[in-house]
Chemist: 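Please read through the structure below; I'll follow up with questions.
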Amino acid sequence: MLKIAFHPIYAHPLPEGHRFPMQKYELLPQQLLHEGTAEYENFFTPGLPEDSEILRAHDAAYFEDLQTGRIPPREMRKVGFPWSEALVLRERTIAQGTIRCCHYALENGVSMNIAGGTHHAYRDRGEAFCMLNDQAIGACHLLANNLAERILMLDLDVHQGNGTAAIFREEPRVFTYSMHGQSNYPFRKEVSDWDVPLAKQTGDTEYLTTLETHLENLYAQVRPDFVFYLCGVDVLATDKLGTLALTPEGCRQRDAMVFRWCRSHGLPVQCSMGGGYSPQIRTIVEAHAQTFRTAQSLYF
């Protein structure tokens, strides 16, 4: 069974007119249930992680300031959300969702978190709607518990996974791959193990051809035994914050290519949804739902 991490706290209330489409976290589970991609049994409530889980990926001083509201206003402006205890609880819940998804992926081959993909969170700070790096926390959990020896962070969000790259810069057991818009945020990039910056308006054909070639090279080079897939849908041509030009069908083919590659090599894969900022919320929800449909059809 496809196991999906979700809690209503994912849909955190924001000030009216805020540009982050928080509503998608409420609508996506409803859509999956409505269309029959998922049943209620597919969803699980994450709970909260032990602080020790978070402190493997984040500095203690930063985590303490985050929990107590002592993040300087200038730094919270970089995050883009107003601080609250409920917001921190949300971040911790998402992180625990990804931790538990790791175990479900080991059991079933694949698992999904309705939220997550917070790859702009560094060890000591947050930015760009990211405060705790859920997939970095998940990777550290696997390594600490000897559940994986060689991890691939496969980041296909339109924005470079700068926080993830920085967190694992000195960790040889984690290989960071980021294929992103060259002209997109962050404008000062970190150095991943393999960065693939794409020109503006890169479309389906070039994108998919590049990814297909790189996936086989990644397996030969990295030989991972676990994959974290950040499947942002901000690669769509309609995205307000993206510079690429994928169609919804191209995005579906991307997901199918990744899942088939993971299956063919026996690689468990945990998926976090990442970004999506198209003007119409239905476009975002449909693109994310497509990822779940694709996983469901290929694995179960």
Chemist: Should the heavy atoms of other residues, nucleotides or ligands under 6.0 Å from CD of E149 be counted, would the total exceed 12?
Modeler: no
Chemist: What's the shortest heavy-atom distance between Y10 and G97, and which atoms?
Modeler: OH-CA, 4.3 Å
Chemist: Cation-pi check for Y62 against R123: NZ or CZ below 6.0 Å from the six-membered ring centre and within 45 degrees of the axis, yes or no?
Modeler: no
Chemist: More than 12 foreign heavy atoms under 6.0 Å from CD of E249: is that the case here?
Modeler: yes
Chemist: Where is the tightest heavy-atom contact between Y277 and D239, given as atom of each residue plus distance?
Modeler: N-OD1, 2.5 Å
Chemist: Just checking, is any N or O donor in the side chain of T37 or E35 under 3.5 Å from an acceptor N or O on the other one?
Modeler: yes
Chemist: Rounded to the nearest 0.5 Å, how far apart are CG of L32 and CD1 of I4?
Modeler: 5.5 Å
Chemist: Could you tell me the separation between the CD atom of Q23 and the NE2 atom of H18, rounded to the nearest 0.5 Å?
Modeler: 14.5 Å
Chemist: Counting neighbours of NZ on K200 that are heavy atoms of other residues, nucleotides or ligands and sit closer than 6.0 Å, is the number greater than 12?
Modeler: no
Chemist: Have Y229 and D255 got a donor and an acceptor in their side chains that come within less than 3.5 Å?
Modeler: yes
Chemist: Do other residues, nucleotides or ligands put more than 12 heavy atoms under 6.0 Å from Q30 CD?
Modeler: yes
Chemist: Tell me whether the rings of F44 and Y104 are parallel (<30°), tilted (30 to 60°) or perpendicular (>60°).
Modeler: tilted
Chemist: In chain order, what residues pass the ring pair (Phe, Tyr, Trp, His ring centres under 6.0 Å) check against W194, with sequence neighbours excluded?
Modeler: Y177, H214
Chemist: If I take atom CD from residue Q270 and atom OG1 from residue T98, how far apart are they, to the nearest 0.5 angstrom?
Modeler: 4.5 Å
Chemist: Is a donor on one side and an acceptor on the other found under 3.5 Å between the side chain of H159 and the backbone of L241?
Modeler: yes
Chemist: Distance alone, cut at 3.5 Å: any donor-acceptor contact between the side chains of N162 and E127?
Modeler: yes
Chemist: Please give me the minimum heavy-atom distance between P197 and Q182, naming the atom from each residue.
Modeler: CB-CB, 3.7 Å
Chemist: Has T118 got a side-chain atom pairing as donor or acceptor with L132's backbone, closer than 3.5 angstrom?
Modeler: yes
Chemist: In this structure, are over 12 heavy atoms from other groups packed under 6.0 Å from R260 atom CZ?
Modeler: no
Chemist: Can you establish whether the number of heavy atoms outside H34 located under 6.0 Å from its atom NE2 is more than 12?
Modeler: no
Chemist: State whether E286 and R293 are salt-bridged, where the test is any N-O pair (Lys NZ or Arg NE/NH1/NH2 against Asp/Glu carboxylate O) under 4.0 Å.
Modeler: yes
Chemist: Between S278 and T283, do the side chains contain an N or O donor and an N or O acceptor separated by less than 3.5 Å?
Modeler: no
Chemist: If you round to the nearest 0.5 Å, how far is CZ of F292 from OG of S297?
Modeler: 13.5 Å
Chemist: Please check if the number of heavy atoms outside R282 that lie under 6.0 Å from its CZ is greater than 12.
Modeler: no
Chemist: Whether the E190 and Q160 side chains hold a donor-acceptor pair (N or O, under 3.5 Å, no angle test) is what I'd like checked.
Modeler: no
Chemist: Quick one: closest heavy-atom pair of A38 and F43, and the distance?
Modeler: CB-CE1, 3.8 Å
Chemist: Rest of the hydrophobic cluster containing L142 (Ile/Leu/Val/Met/Phe/Trp/Tyr, side-chain heavy atoms under 4.5 Å)?
Modeler: L106, L143, L147, I151, M153, I167, F168, V174, F226, F228
Chemist: Return the CG to SG distance between N113 and C271, rounded to the nearest 0.5 Å.
Modeler: 10.0 Å
Chemist: Might you point out which heavy atoms bring I137 and E53 nearest each other, and give the distance in Å?
Modeler: CG2-O, 3.8 Å
Chemist: Looking only at side chains, do D155 and T164 share a donor and an acceptor under 3.5 Å apart?
Modeler: no
